[in-house]
Amino acid sequence: MYLFKEIARLQEALEQEKTAGRRIGFVPTMGALHEGHLSLIRAAKAATDVVVCSIFVNPTQFNDPKDFEKYPVTIKEDILKLTGGGTNILFLPSVAEMYPEGVNGRQPHYDFGYLETVLEGAHRPNHFQGVGIIVHKLLQAVQPDDLFMGQKDFQQCMIIKRLLEITQIPSKLHICPTLREKDGLAMSSRNMRLDPAARQIATRISQALGYVKENIRSLPFNIIKENASKQLQDAGYQVDYIEIADASDLQLLKEPVDRNMVVLAAAKLGEVRLIDNMIIASPGHAGS
Ligand code: PAF
């Protein structure tokens, strides 16, 4: 695996691959890699010839400075995992490389419309602008044919889809299924921050989503959401939201529709904020 810290060097190397007609797959990450990330690398390996992974903890997407400071950094382990997973290139830029204008410098503003006003957008002001800024910069650096992201960040995937439309970047977005621990907890870098007691109850978030999914056609939505929220509160969570939305546009729903729906939740266990979602496939539609 080659490691580049500068955009210019990365681009020189990629230019040779592109000239040789090789397809470039890209997996952007913030490091602290787990099986979920490695499944994205595997998907990229299966669909492309050269797999580029970036590790960059992006300061502009953290609305909570404490969350940024405490974001796990495990670079040595990450390098071993990426090498083992067959990654061809690791891009590991510094903050100065990605933000030569400074993190508080002038940045583009993206019109993500409604998508930025709900759920994560409502609870994490400016988060998606920060995600848009860095993913745009990374895409300009790598210029991949294919981009691989996890369904675990469902709303982020929709934002990136919109970003690709706005910027007219022709990379193809692949949304890969969420990987879960044996007890159902969605894999996430933030899970590393859970102490053993919190880790035990962390599984309740996927159980609450499962409860919503099971009862979606038998109980009114307000009752299901109230019950699921209470299940989490009783377990010790501080709930930001549990919502049921149309999976195609994230419009919040009050009753079932004959299309794929998605149930999404965000809740805090102490200082650690967890998010998760499950697609509820309409009969006749694909989903997970
Ligand atoms: O999902 C993440 O890890 C980050 O939001 C991303 C897409 C790498 C941008 O910093």
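The structure displayed is predicted, hence computed values, not measured ones. Just follow the structure's listing: the first ligand is 1, and inside any ligand the first atom is 1.
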Indicate yes or no: does Lys70 engage Asp64 in a salt bridge with an N to O separation below 4.0 Å. no
When you check the side-chain N and O atoms of Tyr99 and Asn58, is any donor under 3.5 Å from an acceptor? yes
Between Glu255 (side chain only) and Phe221 (backbone N and O only), is there a donor and an acceptor less than 3.5 Å apart? no
Please round to the nearest 0.5 Å and tell me the distance separating atom CD1 of Ile41 and atom CG of Asn88. 9.5 Å
Dump the pairs for me: ligand 1 N or O, protein N or O, distance under 3.5 Å, to 0.1 Å.
{"unit_1": "ligand 1", "atom_1": "1 (O)", "unit_2": "Gln156", "atom_2": "NE2", "d": "2.8"}
{"unit_1": "ligand 1", "atom_1": "5 (O)", "unit_2": "Gln61", "atom_2": "NE2", "d": "2.9"}
{"unit_1": "ligand 1", "atom_1": "5 (O)", "unit_2": "Gln156", "atom_2": "OE1", "d": "2.7"}
{"unit_1": "ligand 1", "atom_1": "10 (O)", "unit_2": "Gln61", "atom_2": "OE1", "d": "2.6"}

Say whether Gln231 and Tyr237, considering side chains only, have a donor N or O and an acceptor N or O under 3.5 Å apart. no
Could you check whether Glu35 pairs with Arg42 (Lys NZ or Arg NE/NH1/NH2 to Asp/Glu carboxylate O, under 4.0 Å)? yes
